[in-house]
Participant: 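Here you go, one structure.
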Amino acid sequence: MLIRVREDQSLALEEEENFKGFCIRVNNLDTDISALDAITNRIENSNYWLDAQGVIALSSKSTDKKWLNQFWNMLKGAEPYGFADVEAQLIRAHIEYDMAN
């Protein structure tokens, strides 16, 4: 699962069925990532804490109970490793680039 920051500053949730990983993907180092401000709670060591409800809102499956259950289970599984905080409804993600600058 990944959040794509598009050139037009819109956000999209891609690979919605991949519950094994989570990241933020942008084209390159020059991409303006300010669109993340809409769902970012805080930044820590180049990692972002994203609002889980904001991520869900990006999904085409945001009302699908099975998908929502899998999403929250992904967060619960990631929590012991520091990649999620279920109580605060946060998911930790890093930025990956499509092309190196």
Side-chain angles (χ1 to χ4, degrees):
M1 188 173 304
L2 64 93
I3 292 181
R4 166 81 55 193
V5 180
R6 296 179 177 151
E7 292 298 321
D8 68 358
Q9 284 300 288
S10 64
L11 300 176
L13 187 64
E14 297 179 358
E15 301 178 19
E16 290 180 302
E17 297 296 326
N18 178 1
F19 295 99
K20 302 285 185 198
F22 191 88
C23 72
I24 300 163
R25 182 88 40 90
V26 299
N27 272 348
N28 55 53
L29 293 170
D30 295 329
T31 302
D32 180 358
I33 59 172
S34 61
L36 288 172
D37 293 345
I39 60 171
T40 302
N41 258 3
R42 59 181 175 238
I43 301 171
E44 176 184 272
N45 297 330
S46 298
N47 287 286
Y48 291 73
W49 283 106
L50 303 170
D51 175 64
Q53 293 297 331
V55 174
I56 290 169
L58 293 173
S59 175
S60 65
K61 300 177 182 232
S62 64
T63 59
D64 180 321
K65 289 182 183 190
K66 181 181 176 186
W67 185 88
L68 288 167
N69 188 45
Q70 291 176 301
F71 178 82
W72 288 111
N73 283 335
M74 174 182 71
L75 268 59
K76 287 176 190 171
E79 191 169 35
Y81 303 100
F83 295 109
D85 183 332
V86 176
E87 185 175 326
Q89 297 192 352
L90 297 172
I91 184 168
R92 188 175 175 148
H94 63 281
I95 293 181
E96 293 182 359
Y97 298 95
D98 289 334
M99 302 173 355
N101 252 5

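Numbers for residues simply follow the sequence, beginning at 1.
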Participant: So if you build clusters from Ile, Leu, Val, Met, Phe, Trp, Tyr with side-chain heavy-atom gaps below 4.5 Å, do L2 and W49 land together?
Facilitator: no
Participant: Below 4.5 Å, heavy atoms only, C-beta onward: do T40 and D51 meet side chain to side chain?
Facilitator: no
Participant: Find the distance between CD1 (I91) and SG (C23) and round it off to the nearest 0.5 Å.
Facilitator: 10.5 Å
Participant: Per the salt bridge (Lys or Arg N to Asp or Glu O under 4.0 Å) rule, what does the pair list look like for residues 61-80, sequence neighbours excluded?
Facilitator: E17-K61
Participant: Test side chain to side chain contact (heavy atoms under 4.5 Å, CB included) on V5 and L11; report intermediate values, then the result.
Facilitator: CA-CA 5 Å; V5 180; L11 300 176; 3.7 Å; yes
Participant: Show me the pairs that pass salt bridge (Lys or Arg N to Asp or Glu O under 4.0 Å) and involve residues 7-16, at least two apart or across chains.
Facilitator: R4-E14
Participant: Taking all non-hydrogen atoms of both residues into account, name the closest pair between S59 and L13 and its distance.
Facilitator: CB-CD2, 3.6 Å
Participant: Is there a chain of hydrophobic side chains (I, L, V, M, F, W, Y, each step under 4.5 Å between heavy atoms) that links L50 to I95?
Facilitator: yes
Participant: Taking all non-hydrogen atoms of both residues, which atom of I33 and which atom of Y48 are closest, and how far apart?
Facilitator: CD1-OH, 3.0 Å
Participant: Where do F19 and F71 come nearest, in terms of heavy atoms and distance?
Facilitator: CE2-N, 3.6 Å
Participant: Quick one: closest heavy-atom pair of H94 and F22, and the distance?
Facilitator: CE1-O, 4.2 Å
Participant: Restricting to non-hydrogen atoms, name the atom on L75 and the atom on A52 that form the minimum distance, rounded to 0.1 Å.
Facilitator: CD2-CB, 3.9 Å
Participant: Which atom pair, heavy atoms only, marks the closest approach of G82 to R92?
Facilitator: O-CD, 3.4 Å
Participant: How long is the gap from CD on Q9 to CG on L36, to the nearest 0.5 Å?
Facilitator: 8.5 Å
Participant: How many angstroms lie between CD1 in I39 and CD1 in I56, if you round to the nearest 0.5 Å?
Facilitator: 11.0 Å
Participant: Is there a continuous path of hydrophobic side-chain contacts, each under 4.5 Å between heavy atoms, that joins L58 to M74?
Facilitator: yes
Participant: Can you tell me how far apart CG (N47) and CD1 (I24) are? Round to the nearest 0.5 Å.
Facilitator: 8.5 Å
Participant: When you look at CD of E96, are more than 12 heavy atoms from neighbouring residues, nucleotides or ligands closer to it than 6.0 Å?
Facilitator: yes
